[in-house]
**Student:** 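What follows is a single structure, and I will ask about it in a moment.
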Amino acid sequence: MRTLTTIKQIGGHAGESVWMGGWINNKRSSGKIQFLQLRDGTGYIQGVIVKSEVSEEVWNTAKSLTQESSVYVKGIVREEPRSQSGYELTVEDIEVIQLTEEYPITPKEHGVDYLMDRRHLWLRTPKQRAIMVIRAEIIRSIQRFFDERDFTLVDPPILTPSSCEGTTNLFHTKYFDEDAYLTQSGQLYMEAAAMALGKVYSFGPTFRAEKSKTRRHLIEFWMIEPEMAFVDHEENLRVQEQFISYVVQSVLTNCRKELEAIGRDISKLESIQGPFPRITYDGAIKFLNEQGFDIPWGEDFGAPHETAIAEKYDKPVFITHYPASFKAFYMKPDPNRPEVVLCADMIAPEGYGEIIGGSQRIDDPELLAERFKEHELSEEAYQWYLDLRKYGSVPHSGFGLGLERTVAWICGLDHVRETIPFPRMLYRLYP
């Protein structure tokens, strides 16, 4: 049985003859030399076939290969500084696994709908592969950041009996004879976990039944939700600064080739180090009005407002102290000004919008009970959440980061649909 190497490992076999499995990404011919662009999932390498150095059978086999045909290839590894991998393969033998016919995604331009209908194949293209590699590195760096700081990973439920922030944008289902919903956030459960473990984070899928078709929205997406006992609003912001700086620098260190492959302006990421600028909601309203936006105090920001604010900075910016009137029921009011809450949205630069939302949580049981009445929430459904303030309440804070928006920003993508392997959007559930 042959031993296979991978393109990622190829550098350890310079001068050796090796076997590898892969697919034909592309090919071209120059008279008596054929060039095969091979991929195996770990990278790309060029295979060079010289007619005078191989059998007629191998030469003809190479000529018959079509795009995305699967093959085993044997060849001698040669150093080649001009190639992406730093090496190329002088091909000695080829064994065809399957010859493809009329592969539907060719090097020509295709429309987005056409590509989305063939997402299972679109993932094979160099740009889409690079995005998935960067996404994986972002996930690894997120887990490293929290694990190195003694956070405990906790998995909240996906099926919940009630809403976190309102039932209008939830997917309803039946849990035997009871009503249930697909989670829109694990935050409330993470608060319970923080009371047991101190510092926790969750990393899982969330669902929003919003009929939105903007470039920033998905129906199914992944959220990272840390929650921290004995942490106030200011410390919460510092953790977020450190977190985002850590993730961006990890991607720059470990995925520079992939960033270059998708054409990302790396200089815009190199400046992402804390501290980040801050502007209060009051200051943001004043700035927007000066810029010609007709937005009164007490109204939430939309994408154009966030973009206008972000354009002032080359780093993420915090917008803090929003009015309590349109923020979630659990956010703690500013003791010096109860009409605003101790919260912040982190807005990414370059027009990518909110990537983090967070706040200090209400820890006063009486105030939380008042909020329940104001928001007409069922105390029966949330009794377990009220118990957290009844039995050993402490100051605590947390935030949520949307993974796909973060991937879109770091990669410089126009739309979040390319940030997840199989995006779920309004009117798109296939493939």
**Student:** Would the number of heavy atoms belonging to other residues, nucleotides or ligands and lying under 6.0 Å from CG of Asp414 be above 12?
**Tutor:** no

**Student:** Any side-chain donor-acceptor pair under 3.5 Å between Thr183 and Thr160?
**Tutor:**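 Result is no, nothing qualifies.
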
**Student:** Evaluate the ring planes of Phe318 and Phe276, with Trp represented by its six-membered ring, and classify them as parallel (under 30°), tilted (30 to 60°) or perpendicular (over 60°).
**Tutor:**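 Correct class here is tilted.
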
**Student:** Could you tell me whether Arg129 sits above the aromatic face of Tyr44, with NZ or CZ closer than 6.0 angstrom to the six-membered ring centre and within 45 degrees of the axis?
**Tutor:** no

**Student:** Parallel, tilted or perpendicular, judged at 30° and 60°: which one describes the rings of Phe243 and Phe145?
**Tutor:**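 Ring orientation, 0 to 90° scale: tilted.
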
**Student:** Is the closest side-chain donor-acceptor distance between Tyr330 and Gln187 under 3.5 Å?
**Tutor:**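 Side chains of Tyr330 and Gln187: pair found under 3.5 Å.
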
**Student:** In a check of side chain to side chain contact (heavy atoms under 4.5 Å, CB included) between Arg361 and each of Glu227, Lys332, Met228, which one passes?
**Tutor:** Glu227

**Student:** Aromatic rings Tyr281 and Tyr322: how do their planes relate, parallel, tilted or perpendicular, breaks at 30° and 60°?
**Tutor:** tilted

**Student:** Mind telling me whether Trp384 and Tyr189 have parallel, tilted or perpendicular rings, with 30° and 60° as the class edges?
**Tutor:** parallel

**Student:** Tell me if the centroids of the rings in Tyr114 and Trp122 come within less than 6.0 Å of each other.
**Tutor:**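 Judged by ring-centre distance (under 6.0 Å), Tyr114 and Trp122 do not meet the cut-off.
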
**Student:** Please determine whether the number of non-hydrogen atoms from other residues, nucleotides or ligands lying under 6.0 Å from atom CZ of Phe230 exceeds 12.
**Tutor:**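 It does not: Phe230 CZ has 12 such atoms or fewer within range.
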
**Student:** Salt-bridge test for Arg264 and Glu258: reply yes if a basic N is under 4.0 Å from a carboxylate O, no otherwise.
**Tutor:** no

**Student:** For the residue pair His120 and Tyr430, categorise the inter-ring angle as parallel (less than 30°), tilted (30 to 60°) or perpendicular (more than 60°).
**Tutor:** perpendicular

**Student:** Is Lys174 atom NZ crowded by more than 12 heavy atoms from other residues, nucleotides or ligands, each under 6.0 Å away?
**Tutor:** yes

**Student:** Please give me the minimum heavy-atom distance between Cys255 and Glu137, naming the atom from each residue.
**Tutor:**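 Smallest heavy-atom distance, with atoms named: SG-CB, 3.5 Å.
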
